[in-house]
Structures are given as structure tokens and as C-alpha cells.
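I have placed the structure first, in the form of C-alpha cells, so that the comments after it can refer back to it.
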Amino acid sequence: MLRTLIRDALASEAPVADLTVCGWIRTRRDAKDVIFLEINDGSCLTNLQCVVDPDSPVREKLGGDGTGASLCVKGDLVASPGKGQRWELHAKTLRILGHADPETYPLQKKRHSDEFLRSIAHLRVRTNKYSSVFRVRARAAAAVHAFFRRNGFFWVHTPILTGSDCEGAGEMFRVTTLSPGEKDLSKDFFGHQCNLTVSGQLEAEALAMGLGRVYTFGPTFRAENSNTPRHAAEFVMIEPELAFCELPDLMDFAEDFVRSCVDEVLSTCPEELALFDRWVEPGLIDSLKTVAGENFARITYREAISILQKSGKNFEYPVSYGIDLQTEHERYLSEEHFKKPTMVTDYPRNIKAFYMRANDDGDTVAAMDLLVPRIGELIGGSQREERYDLLRDRILAMGQEASSYDWYLDLRRFGSVPHSGFGMGFERFIMMLTGVSNIRDVIPFPRTPGSLEF
RNA sequence: UCCCCAAUAGCUCAAUCGGCAGAGCGGGUGACUGUUAAUCACUAGGUUGGCGGUUCAAGUCCGUCUUGGGGAGCCA
């Protein structure tokens, strides 16, 4: 079944004889002297119009099949006399591969709600919107890898199964081979408790201490009962870790990273972005161009508090130095005050994770969050505490056993270096790129509390 | 986990004060047409999310459960 991708057929510079195309019928229009089939094979957003002569044997092969059926068509690619497309395929032979009963095939030639399509996640990739989302997802992943590769990074694979129950990033899923009711963890597969990872950061730090620049790009699991359009139980996180890097360099790097990837998707997915701009999020392309073209706003936590206090806004959560920024505060900063991606740095130590590097003021840590309009927190990162004594003290202050962090502390005992890194939720990045407002709609088969379909 | 809202035909939604279950789209049949969200006519299609209650009478009111959406928390 040697076939031409519709993407390539549509890009043709000249007519082509005897082209074979395979795909799914999106719509069928019958006329007296001609039948039009719009065929999509997923290679691009645009359908290929296929013309069938009702008096030909091809017509008999087509039968009554319409929307949803899969087929192979061989024919001549010729300039289309009709409006709306440059090329069309005049079918000479046709073979239906799989029927789709129109009475029961759920996808119609009309717009469906996201909620309904989510209930048929195995079929929604056959729609314009969702095929576009997943094409953009793949292109964005490629852009991420390309950026890191250009900048001397190595992709590392950190464990998905972990014996640590304190990676410091939320509730974990337990993994066990024990029978229900069996409590003796020494009889479990690993001889002790096992969880799904909530972050590859600690291991990435270790790898950065030899490879210099590394990044993770893989699955992450959070057992938090979060029911919001921005959280999933299983998602993909990107965590670069840079040796010999302090916070200001990390900020420059993070900004360069986001802007480069946005820019690359703008140039590789114009059709898809145009569809999102038209149907999903008006103004999307302009806002992405702004992200790619303008510097991000940068403020310290202290400045953020000051801006919020002077805003005249009546926030539900009162603003004072020392509080953690709430969603309403983050939205005000990035959506109303700066109206663009905003980096907030140097948070009070006691609202941030133990591994963040203490600043000289004795009060704040070298942390950095990137707040993006519509998305919220896209990136959270920091310079890591590389000083053994200070890190151990923080672990003890949390009430943790230092022995649980032996290997992590070792990184500070042997050739410790200043280093920094951040985590970016890949799906949140896709939401930003596509304008899709629910994380469940940028993951092919999303896992959320109470939902494990497909 | 908390607060608010919703659930009616395959899909999207109407149904006035508690009083005969409706439309558009999609499907089927036919007509028409180099069409492109095609158009026109006809037609089929319902345990009004589940369970319980109030009432002469419940899609409508009450309780509860389930599912979904929005907001919050947690975070990426």
C-alpha cells in the first residue's frame, strides 16, 4: 500500500498521474454527475477533495460509504476547477478498507462539544481540532528537543518507579505487587515501598553533576485530588538542570527556551494555529507572537507584593509580605498588570521547597516562577542549594531524616557546584500554544481523579 | 477536598405558574445541484442521568447518589 501523504499531495507543484492516497472520509457530497469525497489522513489539517464519477466502476466500489469510512484511492491529481482547493484527485480505482455505519458513528459533520468528544477520546483524533492539537503537541516536543540539543543538553531518563516517598512535590501513587491486605512491605517486589515519581529533579541534579546540562522529558504522576482544568494525575514534565548556573542565567535561559519553542511552533504549525485562532481562542496567534517577540516581565516577590497592594484590587486573599501568591494574584500580575509572561523571583524561604538556594538576605530563596496569561504557572524553578551544611539544615528543619537524602547530600560533599533548573508542565505549554483551556483536551487519553477510561 | 451550576432524541439545546415531550443538526427515503458547514421535501427517533419522596398530576418541587462544567485549594 505505497501511498502519498495528503500533506505532500497538496504541496505538489504540478499535476501527478496515478497517485495513491489513503485516509478517512470526512464528508461526502453527491451530485448528479459527480461525487465529492473529502479525505483526511492525519498528515495535515487540510482534506484532499476526491472526485468520483457516478457512472464509473469506482462508484460501485464506493457504495454507500460516507463520513468515517476508511479507504484507499488511486487517481490523478489535477488542478481543481472548483473554489476552495488548488488540487483534487480524480479517482480511477478505489477500495473501502473499513465501513463506518452512519447510524452509529458518533462523529458528525458538525461541531461537537469538548465534553462529548472527551467521552469518545478514541475517536476525537479524527476531528480537525483534536488532530491539530496532537500534531502541535508532537511539533512542540520536537521543538523542545531541538532547543536543548542546540544548547548542549543531554536528554536523561530518570526513574518512574521510586523508593523515595518525599520528592517534595505532592501526593504519590503507590505501586505494589502485594496481594490486597498484605501489609508486610519486606515481601513487596522491591522489599520496601514503591511509588510513581512526582519529579525527576533530584536524579536530574545528579546527572547534571557529570553531564553538565541535562533535561528530563517524561511522565510524571501526582495522586492529588485536584479537579481543575489545569491538573492531571499523569502528565509530562520537562526538567532541565544546569551545572555552573546561577539564578540570573537560569532566568535568561528559561525565557530563551519558551520563546524559541513558541517561535518554532509558529513557523511549523501555521495551519493548526490558524484553526485555533479562528475557533478556539481568538487572538491566539498575536499573543504567541508577543511571547516570541517581547521580553518577559521580571520582578521580585517583594515587588510583586507591592504591585498587588497598590493595584486597588479587592482580592479575596489579602496581600501581605510572606503569603504565597494565590491564583487571583498571579492572574492579576500576568494578565492585567504586565499583560505578558511574568517571572517572579526571590520568594520567602518558608513558602518554597527545601532544595532552593538561600539568598544572602537570610529570608528569601533563589526561586523563579514563570506566570503566563491564561495558563498560570507554566514554569517553577530555582537555583539549588549547593552548600552541604545549609541543605542538611533545611532537610532537618523540615523534620526529615538526613539519611533519606544521603545520595542527594553526597552531590554537595563531592565537587559541588552552583546549579539551577526548572520544571515545565508540557501540557500547560500545549494549552498555551493551542488556546485549549482544559488539560484533558491536550492529552490523548487523560487521567484525572475518578477517570481512567481508555 | 470545598463552593456554585448543569444533566431532556445520536449531538446541541427549548419546554411560561407543577398540567398533551419540542426544534435545529445528524440518520433514513426522495428531489436537485462542480459540490465544499451544499440546498429542498418527507420520515423515524424519548424509562427527561439513577434511586427515593411530595402531589390528583413531576422534565419542572424536595432528599440522595452518579457524571460533567466553572471557581478555590494543591501544583506543573
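A note on names: the letters A, B, ... follow the listed sequences, proteins ahead of strands, and every chain is numbered from 1.
- Rounded to whole Å, the P atom of rU33(B) lies 36 Å from the corresponding atom of rG22(B).
- The side chain of Gln49(A) lies closest to rU35(B) when the candidates are rC74(B), rU35(B), rU12(B).
- You'll find that the side chain of Thr327(A) is closest to rA72(B), out of rG70(B), rA72(B), rG27(B).
- Base orientation for rC17(B): syn, the chi torsion being within 90° of 0.
- Minimum atom distance to the side chain of His231(A) is reached by rC74(B), of the listed rG34(B), rU1(B), rC74(B).
- The aromatic rings of Tyr301(A) and Tyr347(A) sit tilted, their planes meeting at an angle between 30° and 60°.
- Base pairing of rA7(B) is made with rU66(B), judged by Watson-Crick or G-U wobble geometry with both donor-acceptor distances under 3.5 Å.
- In this structure, Glu427(A) reaches neither bases nor backbone, as no heavy-atom distance under 4.0 Å exists between it and the strands shown.
- A residue-by-residue look at Phe36(A) and Ser113(A) shows that Ser113(A) has its nearest nucleotide of RNA chain B further toward the 5' end.
- Across rU1(B) and rU47(B), the matching C1' atoms stand 34 Å from one another, rounded to whole Å.
- Relative orientation of the Phe429(A) and Phe257(A) rings is parallel, given thresholds of 30° and 60° on the angle between their planes.
- rU66(B) and rG52(B) are spaced 15 Å apart, taking the C1' atom of each and rounding to whole Å.
- Taking atom CD1 on Ile351(A) and atom C1' on rG73(B), their separation rounds to 15 Å, with Å as the unit.
- Under the Watson-Crick and G-U wobble criteria, each requiring two contacts below 3.5 Å, nucleotide rU1(B) is paired to rA72(B).
- Regarding contacts with the backbone of rC32(B), every side-chain N or O of Lys32(A) stays at 4.0 angstrom or more from both OP1 and OP2.
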> Passes side-chain contact (heavy atoms from CB on, under 4.5 Å), Ile323(A) versus His329(A)? Steps please.
Replying inline: CA-CA 11 Å; Ile323(A) 63 155; His329(A) 306 140; 3.9 Å; yes
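- Rounded to a whole Å, the CZ atom of Arg278(A) is 12 Å from the P atom of rA37(B).
- Comparing rC13(B) with rC32(B), their C1' atoms sit 31 Å apart, to the nearest whole Å.
- Contact check on Arg139(A) versus Glu272(A) returns no salt bridge, with no Lys/Arg side-chain nitrogen under 4.0 Å from an Asp/Glu carboxylate oxygen.
- The side chain of Lys109(A) places no N or O atom within less than 4.0 Å of a non-bridging phosphate oxygen (OP1 or OP2) of rG27(B).
- Across all strands shown, rG59(B) forms no Watson-Crick or G-U wobble pair with both distances under 3.5 Å.
- Atom CG in Asp33(A) sits roughly 6 Å away from atom P in rG34(B) (whole-Å rounding).
- Among the nucleotides rC11(B), rU36(B), rG73(B), the one closest to the side chain of Tyr317(A) is rG73(B).
- Nucleotides rU54(B) and rG59(B), compared at atom P, are 16 Å apart to the nearest Å.
- To the nearest whole angstrom, the two C1' atoms, one in rC20(B) and one in rG28(B), are 28 Å apart.
- Put simply, Gln326(A) has a side-chain N or O that comes within less than 4.0 Å of OP1 or OP2 on rG73(B).
- Atom CG of Asn225(A) is separated from atom P of rC74(B) by 14 Å (rounded to the nearest Å).
- Using P as the reference atom, rC5(B) and rG63(B) are 12 Å apart when rounded to the nearest Å.
- When distances are taken from the side chain of Glu115(A) to each of rG68(B), rC74(B), rU36(B), the shortest belongs to rG68(B).
- Annotation: rG18(B) and rA6(B) have their P atoms spaced 16 Å apart (nearest Å).
- For Asn438(A) and rG70(B), the shortest distance from a side-chain N or O to OP1 or OP2 is below 4.0 Å.
- Rounded to an integer number of Å, the gap from Met172(A) CE to rC75(B) C1' is 14 Å.
- Of the listed nucleotides (rU35(B), rG73(B), rG69(B)), rG69(B) has the atom at the smallest distance from the side chain of Arg118(A).
- Aromatic ring centroids of Phe354(A) and Tyr405(A) lie under 6.0 Å apart.
- Across all strands shown, rG30(B) is found opposite rC40(B) as a Watson-Crick or G-U wobble partner, with both distances under 3.5 Å.
- Along RNA chain B, the nucleotide nearest Gly450(A) and the nucleotide nearest Arg29(A) are compared for position; the residue whose nucleotide lies closer to the 5' end is Arg29(A).
- Seen from the ring of Tyr321(A), Arg302(A) counts as a face-on cation partner, given the 6.0 Å and 45° thresholds.
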> When you look at Phe147(A) and Glu264(A), which way does the side-chain contact (heavy atoms from CB on, under 4.5 Å) test go after all the steps?
Replying inline: CA-CA 10 Å; Phe147(A) 175 85; Glu264(A) 183 156 337; over 6 Å; no
